[in-house]
Q: 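Attaching a single structure in structure tokens format; questions to follow.
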Number of protein chains: 2
Amino acid sequence: MPPKTVKPARRRAKQQRARATVDVIREAAAHVLLREGYARATTNRIAEVAGVSVGTIYQYFNNKDAIFDALIRREVDGLKQLLVKASPDPAVPVADALGILLSSIIRARPEAPTLYRALEQVPNGLFRRRVAEARGNVVEWLRDFLSTHRRELRVRDLEAAAFVIVAASEGIAMNASPEFYRNRGAEEVAALFTRYLTAGSA
Amino acid sequence: MPPKTVKPARRRAKQQRARATVDVIREAAAHVLLREGYARATTNRIAEVAGVSVGTIYQYFNNKDAIFDALIRREVDGLKQLLVKASPDPAVPVADALGILLSSIIRARPEAPTLYRALEQVPNGLFRRRVAEARGNVVEWLRDFLSTHRRELRVRDLEAAAFVIVAASEGIAMNASPEFYRNRGAEEVAALFTRYLTAGSA
DNA sequence: ATACATTCTGAGCTTCTGCTCATATTTGGG
DNA sequence: CCCAAATATGAGCAGAAGCTCAGAATGTAT
């Protein structure tokens, strides 16, 4: 078996123009995915919407999947950063802390779930895989956060509690309508978790 | 504009042999989807796995999407039926009722979430759409169930509570590992909901 | 101004997909 | 056993997708 030229290895953007182009392509991919669905998100269509030729795409992305992988990474990283930025002071009680955390995430990018639902159609379950990776980190972070409040909590297995909270939040976030949040939805979710965690009659 | 022959309209299975063929095709689609992913689930591959020729597929399905639509319908209907069968006696307290409901669903088809995750890749978000429809029914059903136990509950907005519970369950079900259930996972989820719903210190 | 590197172009090649249809096979009632 | 209806076959077509590459355009440095 010949040494097999492991990877074609695309050009890396060196000038500003090029970096801008990469951004434009990624945004176009997001736009087409959101408005027309994955099935219509062909490389030619993405190039067209980006105002760029197909060839240009392949200067920076090894193949079509790589475009969406980049998009997915950006979205997931954005969410992680949002979490650490909204991360509440350890001094405040868990009940309030969770409420703050949830509503700040919800308000930050209300249109995000729509994009996420579209991203589920990317081949190989790439979105789910990347989200699962990130969830590992988030669960870890939440477990540690909970452990600093151990005295206030009635739950024993903090790892399990952290997973339950994160997975449940995902389920709600992916399926809630905007109206849900307009009518006390966020408070209801906060209640779900604080009642689970603490003995208070909140 | 010409009258446009509205629908090709496929043959309907009349003999048993034909009904068996339809089943074989649907099962093959599920099998390929699960083992090889949607990207490799071509009509030719499905036919091959089904031990049937491509032409046969198109005797019973208008197009490729219809195969997966049928598969999705079967799965979603199965879940709904599971729910009504496991539906607990209204006499038992909510806390116990929810626990029974959850664990019976979890135990019924432990491998289901893997298939569901694969079904998310079906074009047009068909799976999500069908699940969303079914969720409407389930939320309604749960709201009514809760309302028969109104006295035991601390929640006010039963509609919102029902949605929160169903959506959260989905999130947990789609992402939990088998180990999670082996280690008290189901009990933990039941605790999440009963603490949310009732004032008891369960 | 010149030279070289970087970036962009887009017609078109290759590959593969969904699907058809003329034909063959099987079924079951009379 | 016969034959019309039902079912199954599969080579191959139409079309579209991902991707390439030879060259044009643009940027940077001297």
Side-chain angles (χ1 to χ4, degrees), chain A residues 4-29 32-33 36-71 121-124 126, chain B residues 4-30 32-33 36-72 121-124 126:
Chain A
K4 184 189 183 182
T5 23
V6 193
K7 282 196 177 185
R10 296 293 137 144
R11 192 173 284 265
R12 268 184 85 97
K14 299 206 168 181
Q15 301 181 7
Q16 278 222 337
R17 176 171 54 139
R19 251 166 273 137
T21 301
V22 172
D23 283 352
V24 167
I25 293 169
R26 215 181 9 221
E27 295 249 347
V32 176
L33 181 65
E36 310 178 26
Y38 185 84
R40 297 203 195 286
T42 67
T43 51
N44 289 284
R45 179 83 182 111
I46 291 170
E48 185 189 350
V49 170
V52 145
S53 94
V54 228
T56 300
I57 289 181
Y58 287 91
Q59 296 240 339
Y60 305 105
F61 299 95
N62 282 309
N63 51 48
K64 186 185 168 178
D65 283 1
I67 307 171
F68 289 97
D69 196 12
L71 181 56
Q121 291 171 53
V122 174
N124 287 105
L126 193 57
Chain B
K4 184 188 185 182
T5 22
V6 191
K7 281 194 177 183
R10 295 292 136 147
R11 192 173 284 264
R12 268 185 84 97
K14 300 206 168 182
Q15 301 182 6
Q16 279 224 335
R17 174 174 54 139
R19 250 165 274 138
T21 302
V22 173
D23 284 351
V24 166
I25 293 169
R26 214 180 9 221
E27 294 250 346
V32 176
L33 181 65
E36 309 179 27
Y38 185 84
R40 295 202 195 287
T42 67
T43 51
N44 289 286
R45 179 83 183 113
I46 291 170
E48 185 188 352
V49 170
V52 143
S53 93
V54 226
T56 299
I57 288 181
Y58 287 91
Q59 297 241 343
Y60 304 105
F61 299 95
N62 281 309
N63 50 49
K64 186 185 169 180
D65 283 0
I67 307 170
F68 289 97
D69 197 12
L71 180 55
I72 288 170
Q121 292 171 53
V122 174
N124 286 104
L126 193 57

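Residue numbering restarts at 1 for every chain, and letters A, B, ... go by the order of the sequence lines. Just so you know, these numbers come straight off a predicted model, no measurement behind them. What you see below is based on every heavy atom in this structure, not just the backbone, and it leaves out hydrogens, waters and symmetry mates.
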Q: Which atoms form the tightest heavy-atom contact between B:Ala50 and B:Val24, and what is the distance?
A: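 Nearest heavy atoms, B:Ala50 then B:Val24: O-CG1, 3.2 Å.
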Q: Do you know which two heavy atoms are closest between B:Lys64 and B:Thr42, and how far apart they sit?
A: NZ-CA, 4.4 Å
Q: Taking atom P of C:dC8 as reference, at what distance in whole Å does atom CZ of A:Phe61 sit?
A: 12 Å
Q: Is the phosphate of C:dT17, meaning OP1 or OP2, less than 4.0 Å from a side-chain N or O of B:Thr43?
A: no
Q: Identify whether any heavy atom of A:Thr42 sits under 4.0 Å from a base atom; if not, whether one sits that close to sugar-phosphate; answer base, sugar-phosphate or nothing.
A: sugar-phosphate
Q: Tell me whether B:Asn124 contacts the main-chain N or O of B:Leu126 through its side chain, where contact means a donor paired with an acceptor under 3.5 Å.
A: no
Q: Nearest 0.5 Å please: distance from the CG atom of B:Asp69 over to the CG atom of B:Asn63.
A: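 Here the interatomic distance stands at 9.0 Å.
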Q: When rounded to the nearest 0.5 angstrom, what distance separates CZ in B:Phe61 from CD1 in B:Ile46?
A: 9.0 Å
Q: What distance do A:Thr21 atom OG1 and A:Arg17 atom CZ have between them, rounded to the nearest 0.5 Å?
A: 7.0 Å
Q: How does protein reach along nucleotides 5-11 of chain D, written 5' to 3' as B (base within reach of a heavy atom under 4.0 Å), S (only sugar-phosphate), or - (no contact)?
A: -SBBBB-
Q: In whole Å, what is the span from the CG atom of A:Asn62 to the P atom of D:dG18?
A: 15 Å
Q: From NZ of A:Lys64 over to P of C:dT14, roughly how many Å is that when rounded to an integer?
A: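 Rounding to the nearest Å, NZ of A:Lys64 and P of C:dT14 are 22 Å apart.
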Q: Just how far, in rounded Å, is P of D:dA17 from CZ of B:Arg40?
A: 20 Å
Q: Is there a side-chain contact between B:Tyr58 and the phosphate of C:dC19, meaning an N or O under 4.0 Å from OP1 or OP2?
A: yes
Q: How many whole angstroms separate atom CZ of B:Arg45 from atom C1' of C:dC19?
A: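 Between C1' of C:dC19 and CZ of B:Arg45: 19 Å.
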Q: May I have the distance from B:Asn63 (atom CG) to D:dA16 (atom P), rounded to whole angstrom?
A: 16 Å
